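Keep in mind it's a predicted model, so treat the numbers as computed, not measured. The basis for the numbers below is simple: all heavy atoms, side chains too, and nothing from hydrogens, waters or symmetry mates.
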Amino acid sequence: MPAGRSRGTFRLSLIIVIIVAGAALLSILFYTFWQRLNKQVEVILQEQFNQQQLMLARKIADNVESYFDFLENALLGYAGLFQTTPPDERTIDASLEERFARHKRFGLLEINRYNSQGVGVQSFGTSPHPPPAGSLILPPRFLDWGKDPAHRGRLFLSKTFVSPDAPWKDRRVMRFLTPLYGPGPEANFAGVLEFLINPFFICEKVIADVRSGQSGYAWIIDQTGVFLAHYEKDFVGQDAINVRLARNPKITFTGLREIQADILLGKEGSGQYTSGWHRQQLGQTPKLVAYTPIRFDKGFITGVTEVEDPNHNLWGVAVVAPVAEVSGTVGRVLHQELFLVGLFFIVVLGASGALIGTALFWNKSLSRQVELKTEELLESQERLLHSERFAAVGEAAAYVSHEIKNPLMVIGGLANQVERRLSEDPAAQEKLGVIQKEVKRLESFLGELRDFLRPAPPSLKKIDLNQVIQDVKALMGDAIQEKGIILEERLEPNLPPVEADPNQLEQVLLNLLKNALEATEGQGKILLSSGTRDAQVWFAVQDTGKGMGKDVLENIFHPFYTTKHKGTGLGLAVINKIVTDHHGTITVDSVAGSGSTFTVRLPKKGADAA
């Protein structure tokens with residue numbers, strides 16, 4: 001075997017070994033990165049999911065607080081009834097009974113009226129075996145609260161407690177109280193009106209249709225940590241920790257204990273804990289949880305309710321869902337992506353090995369392409385430097401424009417005032433006229449400079465390009481006729497609509513037509529034309545003027561370049577910017593002494609979409 005061929009084979013083998021080793025290293029790095037990405041995506045999605053659960057928990061809390069707002073207004077309505085109707089009249093019994101018939105549908109167990117000594121005188125309830133009203137005794141601490149004149153017109157809400165008396169014995173209830181006074185501001189204390197509330201009613205209502213994710217749910221506890229509502233119906237009324245331990249004694253529920261402690265301290269937040277089951281499935285189940293307190297010392301509409309033990313009289317609502325419902329979905333998607341990327345990587349590796357030999361023969365071609373790319377990069381760098389210089393010039397021009405504008409307005413205004421006062425001095429008026437003319441010319445230049453430096457973005461809508469051309473023709477018709485120039489048009493009928501800014505296109509046409517008018521002398525001619533070609537719609541302005549040389553064409557769209565004695569050099573630069581903003585192009589064909597043709601091409605996709 002020739003020595004050169006042996007060296008070539010050795011080099012090829014070495015290249016293959018290097019590629020395989022590099023591929024293995026990249027595979028390890030990619031897998032490590034994928035694992036980290038998997039964790040990061042999982043954490044982000046869990047946080048976002050918990051934020052959604054927190055919003056759901058807040059909504060549940062708002063619904064519970066709104067329910068107590070409703071009861072507050074109802075209780076105040078009962079108290080107001082006694083201030084307008086003496087309690088010894090017979091109509092009071094019928095009024096109370098009628099109102100209770102309406103309000104018992106909202107979780108009221110009883111409405112009891114006590115006299116000034118705290119003895120029941122009237123009772124309406126939902127129990128089939130209600131106790132006699134005279135057997136009801138209001139606890140002294142509540143009676144003392146009602147007797148206090150400072151509490152007239154106020155309400156008192158107790159904590160949930162286990163009722164010791166029939167017919168609600170051993171059941172959790174709440175008291176909602178207000179003192180009663182007769183008509184007039186000097187009326188004496190007449191007793192206390194009591195709502196006996198079923199706290200389970202509203203809690204079951206507000207979580208009944210709540211579902212977080214696929215199988216998540218909500219639960220509510222009171223200030224003692226007892227479930228007022230839960231997906232597991234046999235949990236309701238039980239201690240939240242003890243009933244879970246009874247279900248699965250193998251779980252310590254340490255994280256849940258900490259979360260429940262935060263809830264009963266009035267804190268809001270989110271996190272995770274390990275449960276012993278989820279719905280019908282037993283076993284350790286990590287869960288995402290978001291929780292918020294339900295407070296009774298704020299948010300009432302009228303702000304007249306006092307709360308028993310306000311620092312601890314609160315409930316907590318939590319929304320939970322298994323972590324697997326979030327991370328499992330993410331894991332499946334990422335594993336599918338990993339499989340596809342791995343498969344693609346294997347295919348690429350195999351193809352690379354097969355093409356290595358061929359790639360060596362294309363070395364010269366690739367080297368040439370590298371040289372071409374290097375040249376392109378150098379050209380791009382040159383364009384970038386040009387853009388940076390142009391940006392610096394733009395900033396300087398904007399500063400100069402700002403500094404000149406206000407003094408220029410003052411000069412023009414003063415010249416105008418002086419001209420009116422020197423009406424008898426023609427020589428002075430002529431000089432002032434020159435000043436005003438030059439001020440207007442500078443103001444026009446500043447306007448063009450502003451339009452170029454801070455162009456307004458195009459307001460795109462479907463327009464008829466031929467109609468825009470007709471409008472501009474009507475505007476310039478008189479000026480063209482006065483100069484004795486023939487204006488012709490050759491517009492393609494049924495031109496598809498273009499998605500463009502009509503005002504900016506009209507500005508482009510006006511400037512091109514003005515330039516053609518200035519360049520055309522004697523019995524010249526200007527032609528306006530339009531048409532479609534491939535995926536573009538175009539229009540052109542052609543004149544028979546003096547044309548332009550090659551050196552002018554190379555710089556014609558550069559800012560501040562002009563061949564006119566009084567030109568600003570911004571007209572065509574502004575046109576070029578407008579056309580570029582419309583994703584179009586503008587070209588010019590011109591020969592010195594033979595006229596010029598400016599052609600604007602706009603993309604046709606907007607017309608196709610129509």
Side-chain angles (χ1 to χ4, degrees), residues 63-75 78-79 96 99-114 118-133 135-143 145-146 155-179 191-207 219-230 233-240 243 264 294-297 300 305-310 312-317:
N63 288 340
V64 174
E65 291 172 0
S66 297
Y67 168 75
F68 280 91
D69 288 346
F70 166 75
L71 293 182
E72 180 186 59
N73 285 332
L75 187 56
Y78 281 88
L96 285 177
R99 292 194 179 197
F100 177 73
R102 286 188 283 113
H103 291 152
K104 67 181 181 180
R105 298 182 293 111
F106 300 104
L108 289 187
L109 299 176
E110 289 181 358
I111 295 181
N112 300 315
R113 181 166 68 91
Y114 301 89
V119 178
V121 295
Q122 202 171 16
S123 178
F124 300 96
T126 59
S127 171
H129 306 290
S135 65
L136 299 176
I137 303 296
L138 185 67
R141 60 194 181 97
F142 297 130
L143 181 62
W145 178 88
L155 308 175
F156 184 87
L157 179 65
S158 76
K159 297 187 289 186
T160 58
F161 65 96
V162 178
S163 175
D165 304 319
W168 314 111
K169 185 175 177 61
D170 298 329
R171 180 167 178 174
R172 288 191 170 269
V173 295
M174 297 179 75
R175 279 193 171 99
F176 214 172
L177 310 171
T178 186
V192 173
L193 189 67
E194 174 191 61
F195 279 3
L196 198 63
I197 303 170
N198 175 14
F200 301 102
F201 169 81
I202 184 58
C203 294
E204 292 174 356
K205 290 288 185 183
V206 295
I207 74 163
W219 47 259
I220 300 176
I221 58 174
D222 69 1
Q223 78 280 352
T224 61
V226 171
F227 276 127
L228 297 178
H230 195 278
K233 300 303 180 183
D234 55 339
F235 281 16
V236 178
Q238 305 294 322
D239 181 82
V243 73
L264 297 181
I294 301 173
R295 307 194 68 96
F296 303 108
D297 58 350
F300 286 85
T305 299
E306 296 183 19
V307 179
E308 180 184 13
D309 192 9
H312 301 93
N313 191 359
L314 50 83
W315 298 348
V317 55

Practice problem: Could you tell me whether Arg99 sits above the aromatic face of Tyr78, with NZ or CZ closer than 6.0 angstrom to the six-membered ring centre and within 45 degrees of the axis? | Solution: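 Yes, a cation-pi geometry.
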
If you compare all heavy atoms of [X] against all heavy atoms of [Y], which two are closest, and at what distance to 0.1 Å?
X      : Y      : answer
Leu108 : Ile197 : CD2-CG1, 4.1 Å
His103 : Phe70  : CD2-CZ, 4.1 Å
Ser135 : Pro132 : OG-O, 2.6 Å

Self-check item: Test side-chain contact (heavy atoms from CB on, under 4.5 Å) applied to Asp222 and Leu228, Leu314, Leu264, Ile294, the passing residue
Solution: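 The single option meeting the side-chain contact (heavy atoms from CB on, under 4.5 Å) with Asp222 is Leu228.
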
Self-check item: Test side-chain contact (heavy atoms from CB on, under 4.5 Å) applied to Phe176 and Leu71, Leu196, Leu193, the passing residue
Solution: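 Filter result, single survivor: Leu71.
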
Quiz item: Relative to the ring of His230, is the ring of Phe235 parallel (under 30°), tilted (30 to 60°) or perpendicular (over 60°)?
Solution: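 It falls in the tilted class, 30° to 60°.
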
Self-check item: Sub-6.0 Å ring centroid separation between Phe156 and Phe142
Solution: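 For Phe156 and Phe142, the ring centres are under 6.0 Å apart.
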
Quiz item: Is the gap between the ring centers of Trp315 and Phe68 under 6.0 Å?
Solution: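 Aromatic pair counts; centres sit under 6.0 Å.
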
Self-check item: Carboxylate-amine/guanidinium contact Glu110 Lys104, below 4.0 Å
Solution: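 No, Glu110 and Lys104 are not salt-bridged.
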
Contacts table for residues 118-129: side-chain donor-acceptor under 3.5 angstrom, sequence neighbours left out:
residue : atom : partner : partner atom : Å
Gln122  : OE1  : Arg113  : NE           : 2.8
Gln122  : OE1  : Arg113  : NH2          : 3.2
Gln122  : NE2  : Asp93   : OD1          : 2.3
Ser123  : OG   : Asn112  : OD1          : 2.7
Thr126  : OG1  : Leu109  : O            : 3.4
Ser127  : OG   : His129  : N            : 3.2

Exercise. Go through the structure and list residues passing ring pair (Phe, Tyr, Trp, His ring centres under 6.0 Å) with Trp168, not counting sequence neighbours.
Key: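 Trp168 satisfies ring pair (Phe, Tyr, Trp, His ring centres under 6.0 Å) with no other residue.
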
Quiz item: In chain order, what residues pass the ring pair (Phe, Tyr, Trp, His ring centres under 6.0 Å) check against Tyr114, with sequence neighbours excluded?
Solution: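 If we apply the ring pair (Phe, Tyr, Trp, His ring centres under 6.0 Å) test to Tyr114, skipping adjacent residues, there are no hits.
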
Exercise. Might you work through the side-chain contact (heavy atoms from CB on, under 4.5 Å) test for Val206 and Ile220, ending with a clear yes or no?
Key: CA-CA 10 Å; Val206 295; Ile220 300 176; 3.9 Å; yes

Quiz item: Does Lys159 offer a backbone N or O that forms a donor-acceptor pair with the side chain of Glu308 under 3.5 Å?
Solution: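 Confirmed, Glu308 side chain pairs with Lys159 backbone.
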
